[in-house]
Amino acid sequence: MRDIFISNCEKSFSNKILSEGYRLDGRNYNESRQLSISFGSEYGSCIVSLGETKVLAQVSCEVTQPKQIRPNEGILYINVEISPMAGPQFEANRQTDLSVYLNRLLEKCYKDSKCIDLESLCIVVEEKVWSLRVDIKVLNHDGNLIECASIATLTSLAHFKRPDVTRSGDSVIIHTLAEKDPIPTVLFHYPVCATFAIFDGDILLSDPSFFEESVCTSSTEEGINSGGGVLVIGLNQYKELCLLDHSGAAINSSKLVHKAITSAADKCKEIVDMIKKSIVSDDTLRQKRVKINFADMITQHHLLALTRKDLNIKLKSYNVDDNRSEIDGMDTDHDLSDPEPSKYDVVASAPHTAEIQTKKESSKWIEISSDSEEDEKE
Amino acid sequence: MKVAVGEVVLPGDQCEEISLVGEKSKVILGPGLRKEVDGITITKAGTLKKRSPNTYWVDNYQKRYIPSRGENVIGVVVQKAGDIFRVDVGGSCSASLSYLSFEGATKKNRPKVNIGDVVYAKMLVASKDMEPELVCVDSHGKKGRLGVLEEGFVFKCSLNLVRKILNPECPLLNSLKNEWPFELAAGLNGRIWIKAKTMRETIAVGNAILGCEYLNTDEIKSMCTNIASILAGHVS
C-alpha cells in the first residue's frame, strides 16, 4: 500500500483552524456528513454512503456443519474487501492493515457483542446450521470507513431473510422464496460504531473526513504523535457499550472518553432509528411488489448535474444552492425556457437502464473556445 | 464507431477526419488519441476537440495526473536521497528534484528543503519510460515564482478545474482579488496552494475555487460576491 503523504503545511493549517474552532469542510465538531441507505433487489444487500464514503454490504447464507464446541449455533462470518476502486493507494487482491483492522473491529462489534441469535440459525444439532456471510466491499474511501461499514453490516444483517426450512424425519427441505416466506434474522440489539478523531489531546471530531483522519494519525516532525488519534465507540440503541477501540497517541484524560461516549450514544440511537425506518419502508414497498434495486440510486440529477453538494473546503454558512437561486431570481424566464443547461438528455431505454442522447435545443453552456484553452497551457 | 470533432467519444472509436487531414499535412495528436495501423483510435472518454490548424485532443474529466514537459506543478517532498529530493506530484511514480536546480545553489550551498515541504516546480523531463524530473529555476538560473511554498494550504482538485481557473477568460481570480488579498499557486497536476491573511480567508479562497467547477461566468461572479459577504459577516 502506497501511503498518502500529507505535507507539513497541510498539517499545521488543519491544526490551526481546528484550534480556532473551524473544520475544513465547514461542519461543526460534532456534525456528521449526510447518511443515506439504499437497498438492492435481494434481501440483505445495501449500499450505505456517508458523505462521499460508500460501502456495499451483501449477506449470503449456506448450510454447513457447526463447530465442534458450539454444536447448536450458527456461524457468522464477516469479510472486508478494499479494492483500488476505493482509492488509488490500495492494491488489488491484497490485504492491507486497514482491511484487517476493519474486519476485526466489525467482528468485535457484531460477533462478540452477541447481537445475533446464532441459536436460531441451527437446523439439526451437530449436523446442519446456517452460516451467514457478510461481504463488505468498499466502493469509495473518503474517511470514516469504520462507521460506514458498521452501518452497512447492521443494515444488511437486519434486512436479510433466510429461506425457510422444514424437517421431516432425517431429511431437511429448504424452501425457495416462492414456496414459503423467508425468515428474518433475529437481532437482540443493534450496535453501531461511531468514530471520533482526536486533535491536540482534547478536541473531538465526529465523522472525520479522509484528510482529518490522516492528519490526526500521522506523526509530527519530531517523529512522535502529539495527542492525535482515532477513537471508535460501538453502542447499541439502549446506549450500552459494545466496542471501544483507540489507535494513535495515548489519551490523557478519561473525561475525553466519557465525552465521546455521551455524544456517540445519541448519534448511534439516531442511526439505528434511521436503519429501522428505512428497513420498514423498504419492506412495505416490497409487499406492494415494487421492484427495488440499486438503479434507483442513479437518479437523473446524479447523471446530469455532476454537482457535488459537499465541497471539501467550505465556509460554515456557504451553501451551494445560494448561487443557483440568485441567478434564478435575476432572470427567471431564462431558466424556465431551458431548465436543464445541458447538451445531453438522459432518456430511459430498457428497464433500469438509461442512455444519454444529444438534445435538440441549443445548449445554454458557454463554449470556451479551444484556442484560449490552449493558450494557457503554453 | 466513426466520430467527428465536437462529439462525445468513447475508447475504441475511430476518427476518419483526422486521418484524412493527416494524409495532406502534419497532425498533432494530443491526449486520448493514438495512431494505429488502420487509422486514429480514441483511448479516452470525453469530447473530441480541435484547434486549428491541425491539433486534436480528447477533453475529459480527470483527476490523475500524467506528467508532461514544461508544466508547472505542485509537489510534496517525500524523501531526501543523496543529492536529489523525491517529490510526489500525484503521478504514477514520484518525480526527482536535484538540489542543484534551485537558484544560487552550489555543491557547498545547499537549499533549505525539508521532508514534507511543498514545492512549486517545472517539469523538465517527462517521458513515459523514465522518472519525471523537476527544476525550480528557469533557463537563466533565476527562480522566478518557483521554489518552496511556505505556510498556506494545499488541496487537490480535478485537472479540469485547474485549467479552468487558469484560463484568462475565467472571471474567478479577477473577481476574487478585488474582494480580499491572497496568494495562489496552481499546479497543473491538480493541486492548488493558497495563502491568505487569516485562516477563514484561506478557506474562503478554497471554497470559491472548488465551488466554481460547474458554474458559468455569471454564476462565478455572483458566487464571489456571495462568499465575500459571508466573509464580511453580512450573512449569518
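Residue numbers start from 1 in every chain, and the chains themselves are labelled A, B, ... in the order their sequence lines are given, proteins ahead of strands.
Residues E151(B) and S12(A) fail the side-chain proximity criterion, which asks for heavy atoms closer than 4.5 Å.
Contacts from residues 172-185 of chain B to chain A, taken as heavy-atom pairs separated by less than 4.5 Å, involve no residues at all. The stretch residues 17-24 of chain A places I17(A), E20(A), Y22(A), L24(A) near chain B, each with some heavy atom under 4.5 Å from a heavy atom of that chain.
Pairs of residues two or more places apart, or lying in two chains, that qualify as salt bridge (charged side-chain N to carboxylate O under 4.0 Å, His left out) and include a residue from residues 185-197 of chain B are D88(B)-R191(B).
For D142(A), the salt bridge (charged side-chain N to carboxylate O under 4.0 Å, His left out) test picks out R33(A), with sequence neighbours left out.
The only option from V154(B), I194(B), I203(B) that meets the side-chain contact (heavy atoms from CB on, under 4.5 Å) definition with F13(A) turns out to be I203(B).
The distance from atom OG of S14(A) to atom CZ of F153(B), rounded to the nearest 0.5 Å, is 7.5 Å. We find the NZ-CZ distance between K156(B) and F211(A) to be 9.5 Å, quoted to the nearest 0.5 Å. A distance of 10.0 Å separates CD1 of I74(B) from OG of S7(A), quoted to the nearest 0.5 Å.
The candidate from G206(B), C170(B), C157(B), G152(B) with the greatest count of non-hydrogen atom pairs under 4.5 Å with chain A is G152(B). Residue with the most contacts toward chain A among T202(B), V118(B), L149(B), V78(B): V78(B) (heavy-atom pairs, distance under 4.5 Å).
With a threshold of 4.5 angstrom between heavy atoms, V205(B) does not approach chain A through any atom at all. The part of R64(B) that comes within reach of chain A is its side chain, from C-beta onward, which places non-hydrogen atoms under 4.5 angstrom from that chain.
Under a 3.5 Å cut-off, the side chain of N8(A) and the backbone N or O of N114(B) do not form any donor-acceptor pair.
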